[in-house]
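The structure follows.
Just so it is clear, the model here is predicted, and its values are computed rather than measured. Index from 1, following the sequence.
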Amino acid sequence: TTSYPCPTKKKPDKVCSKNLTRIDSLKLATASLLAQIDAADPTATYVRTGGVSYNSVAQKANPLDWGTAGVLGYVNALTADGTTNSAPAFKIAYDSLTLDTEAKAHKDKQGNGQVPAKYIVFMTDGDNNQTNADKTTLEYCDLARAKKIEVYTIAFMAPSRGQALLSACATTQSHYFLAESTADLLAAFKSIGQQTSKTIARVTK
């Protein structure tokens with residue numbers, strides 16, 4: 001577990017005063033990120049989100065859909081167990097964003113012909129321990145870069161090899177975050193939310 005440090009005040013916040021597991025920290029940070037997206041797109045007209053988790057294999061994904069409710073429920077239902085293999089899940093994320101139907105969904109909804117900005121937020125708290133998982137993941141990171149999909153990565157209390165993988169996968173080094181505590185993780189997701197919300201604001205003006 002990790003402790004989220006509380007601000008100094010007479011009555012500590014109930015959330016930050018308790019010890020959080022890594023999965024609970026992820027849920028808290030994800031909720032914060034999605035709240036920023038909701039604030040930027042309150043009518044769910046411009047943003048589609050989805051999610052996929054992984055251990056030794058990719059879990060059943062939450063497909064891309066309008067708004068954030070689906071992915072929030074998906075993340076809140078996650079449990080932590082098993083070994084680590086990021087490659088299949090990253091491939092699912094990449095494939096989902098590059099489908100022709102995804103561009104069509106935006107065109108049909110908005111009718112303005114704008115090409116949507118696309119993002120992958122990739123987090124791990126461990127090293128891949130499946131054969132060729134790092135190599136395959138990086139191949140898809142390169143494909144995402146070539147397709148102008150921005151990849152944000154967060155190494156959350158991850159060992160050195162996991163950190164190296166995420167650093168290499170990020171679109172730029174400013175897209176990579178090293179988080180050693182829940183507070184760091186919240187700050188990373190907040191930063192990602194601020195950066196992506198700027199894009200939403202430009203589209204909606």
Nearest heavy-atom pair of Ala155 and Tyr176: which atoms, and what distance?
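Result for this residue pair: CB-OH, 3.9 Å.
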Yes or no on side chain to side chain contact (heavy atoms under 4.5 Å, CB included) for Leu34 and Val71, after CA distance, side-chain angles and deciding distance?
CA-CA 9 Å; Leu34 296 178; Val71 74; 3.5 Å; yes
Shared hydrophobic cluster, Val121 / Leu178 (ILVMFWY, side-chain heavy atoms < 4.5 Å):
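No, separate clusters.
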Without hydrogens or angle criteria, can the side chains of Asn128 and Asn85 be said to hold a donor-acceptor pair below 3.5 Å?
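No, no side-chain donor-acceptor contact under 3.5 Å.
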Taking all atoms of both residues into account, what is the closest heavy-atom pair of Thr83 and Gln130, and its distance?
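The pair with the smallest heavy-atom distance is OG1-NE2, 3.4 Å.
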If I compare all heavy atoms of Ala58 with all of Ile92, which pair ends up nearest, and what's the gap?
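Nearest pair, atom of Ala58 first, then Ile92: CB-CD1, 3.7 Å.
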With clusters defined by side-chain heavy atoms of hydrophobic residues (ILVMFWY) lying less than 4.5 Å apart, directly or transitively, does Leu33 cluster with Leu26?
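Yes, Leu26 connects to Leu33 through the hydrophobic network.
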Check: Lys109 and Arg48 side chains under 4.5 Å, non-hydrogen atoms:
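Arg48 vs Lys109: side chains apart.
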Out of curiosity, does Tyr54 fall in the hydrophobic cluster containing Leu138 (side-chain heavy atoms, cut-off under 4.5 Å, transitive links)?
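Linked within one cluster.
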Kindly compute the distance separating CG (Asn62) from OG1 (Thr49), expressed to the nearest 0.5 Å.
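If we round to the nearest 0.5 Å, Asn62:CG and Thr49:OG1 are 7.0 Å apart.
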Are any of the side-chain heavy atoms of Tyr46 and Pro116 separated by less than 4.5 Å?
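Not in contact.
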Looking only at the aromatic ring of each residue, does the gap between the centers of Tyr140 and Tyr94 stay below 6.0 angstrom?
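Yes: the rings meet the under 6.0 Å criterion.
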Any side-chain heavy-atom pair from His175 and Tyr119 closer than 4.5 angstrom?
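The answer is no; the side chains never approach within 4.5 Å.
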Any chance you could lay out the side chain to side chain donor-acceptor pair (under 3.5 Å) test for Thr84 and Asn129, step after step, and finish with the verdict?
CA-CA 6 Å; Thr84 305; Asn129 44 31; 4.7 Å; no
With rounding to the nearest 0.5 angstrom, report the NZ to OG1 distance, Lys107 to Thr101.
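Lys107 atom NZ to Thr101 atom OG1 measures 14.0 Å (nearest 0.5 Å).
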Pair Glu102, Leu64 - check side chain to side chain contact (heavy atoms under 4.5 Å, CB included), show working.
CA-CA 8 Å; Glu102 193 56 27; Leu64 288 163; 3.6 Å; yes
To the nearest 0.5 Å, what is the distance between CG on Leu185 and CZ on Arg22?
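Atom-to-atom, Leu185:CG and Arg22:CZ are 11.0 Å apart.
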Where Asp41 and Thr45 come nearest, the two heavy atoms and their spacing:
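Scanning both residues completely, I find the closest heavy atoms to be OD1-N, 3.0 Å.
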I want to check something: taking the side chain as every heavy atom from C-beta on, are Thr182 and Asp184 in contact at a cut-off of under 4.5 Å?
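Side-chain contact under 4.5 Å: no.
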Restricting to pairs with a member in residues 25-34, which pass salt bridge (charged side-chain N to carboxylate O under 4.0 Å, His left out), not counting sequence neighbours?
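As it turns out, there is no salt bridge (charged side-chain N to carboxylate O under 4.0 Å, His left out) pair with a partner in residues 25-34 once direct neighbours are skipped.
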Do Asp134 and Thr137 have side-chain atoms, one donor and one acceptor, less than 3.5 Å apart?
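Thr137 and Asp134 do not have a side-chain donor-acceptor pair below 3.5 Å.
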Would a single hydrophobic cluster contain both Tyr74 and Trp66, if residues Ile, Leu, Val, Met, Phe, Trp and Tyr are joined by side-chain heavy-atom contacts under 4.5 Å?
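No, it is not one cluster - the side chains of Trp66 and Tyr74 are not joined through contacts under 4.5 Å.
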Applying a strict under-4.5 Å side-chain criterion to I, L, V, M, F, W and Y, I'd like to know whether Val75 and Phe90 cluster together.
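Result: no, two separate clusters.
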Between Glu150 and Lys118, is there a salt bridge with N-O shorter than 4.0 Å?
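No, Lys118 and Glu150 are not salt-bridged.
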Start with the C-alpha gap between Ser86 and Leu165, add the side-chain angles, then the distance that decides, and say whether side chain to side chain contact (heavy atoms under 4.5 Å, CB included) holds.
CA-CA 10 Å; Ser86 60; Leu165 171 66; 4.0 Å; yes
Please examine the side chains of Leu99 and Asp95, heavy atoms only from C-beta on, and report whether any two atoms are closer than 4.5 Å.
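They are not in contact (no side-chain heavy atoms under 4.5 Å apart), so the answer is no.
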To the nearest 0.5 Å, what is the distance between CD1 (Ile37) and OG1 (Thr196)?
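Reported value, rounded in 0.5 Å steps: 5.0 Å.
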Please report the shortest heavy-atom distance between Ala39 and Pro42, naming the atom on each side.
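Where Ala39 meets Pro42 most closely, the heavy atoms are O-CD, 3.7 Å.
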Are Gln195 and Ser191 close enough that a side-chain donor and a side-chain acceptor fall under 3.5 Å?
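Their side chains do contain a donor-acceptor pair, which is all the 3.5 Å distance test asks for.
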Enter the distance from Gln173:CD to Ser167:OG here, rounded to the nearest 0.5 Å.
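One gets 3.5 Å once the value is rounded to the nearest 0.5 Å.
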How long is the gap from CE on Met123 to OG on Ser53, to the nearest 0.5 Å?
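One finds 11.0 Å between CE of Met123 and OG of Ser53.
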Phe122 ring center near Tyr152 ring center (under 6.0 Å):
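No; Tyr152 has its ring centre 6.0 Å or more from that of Phe122.
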State whether the side chain of Asp127 and the backbone N or O of Gly162 hold a donor-acceptor pair below 3.5 Å, judged by distance alone.
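The answer is yes, because a donor-acceptor pair under 3.5 Å joins these two groups.
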Taking every non-hydrogen atom, the tightest pair across Leu97 and Ile149:
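The pair with the smallest heavy-atom distance is CD1-CG2, 3.8 Å.
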Under 6.0 Å from the CG atom of Asp108, do we count more than 12 heavy atoms belonging to anything else shown?
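Enclosed: over 12 neighbouring heavy atoms sit under 6.0 Å from CG of Asp108.
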So do Phe177 and Ile192 actually touch side chain to side chain, heavy atoms under 4.5 Å?
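The answer is yes; the side chains approach within 4.5 Å.
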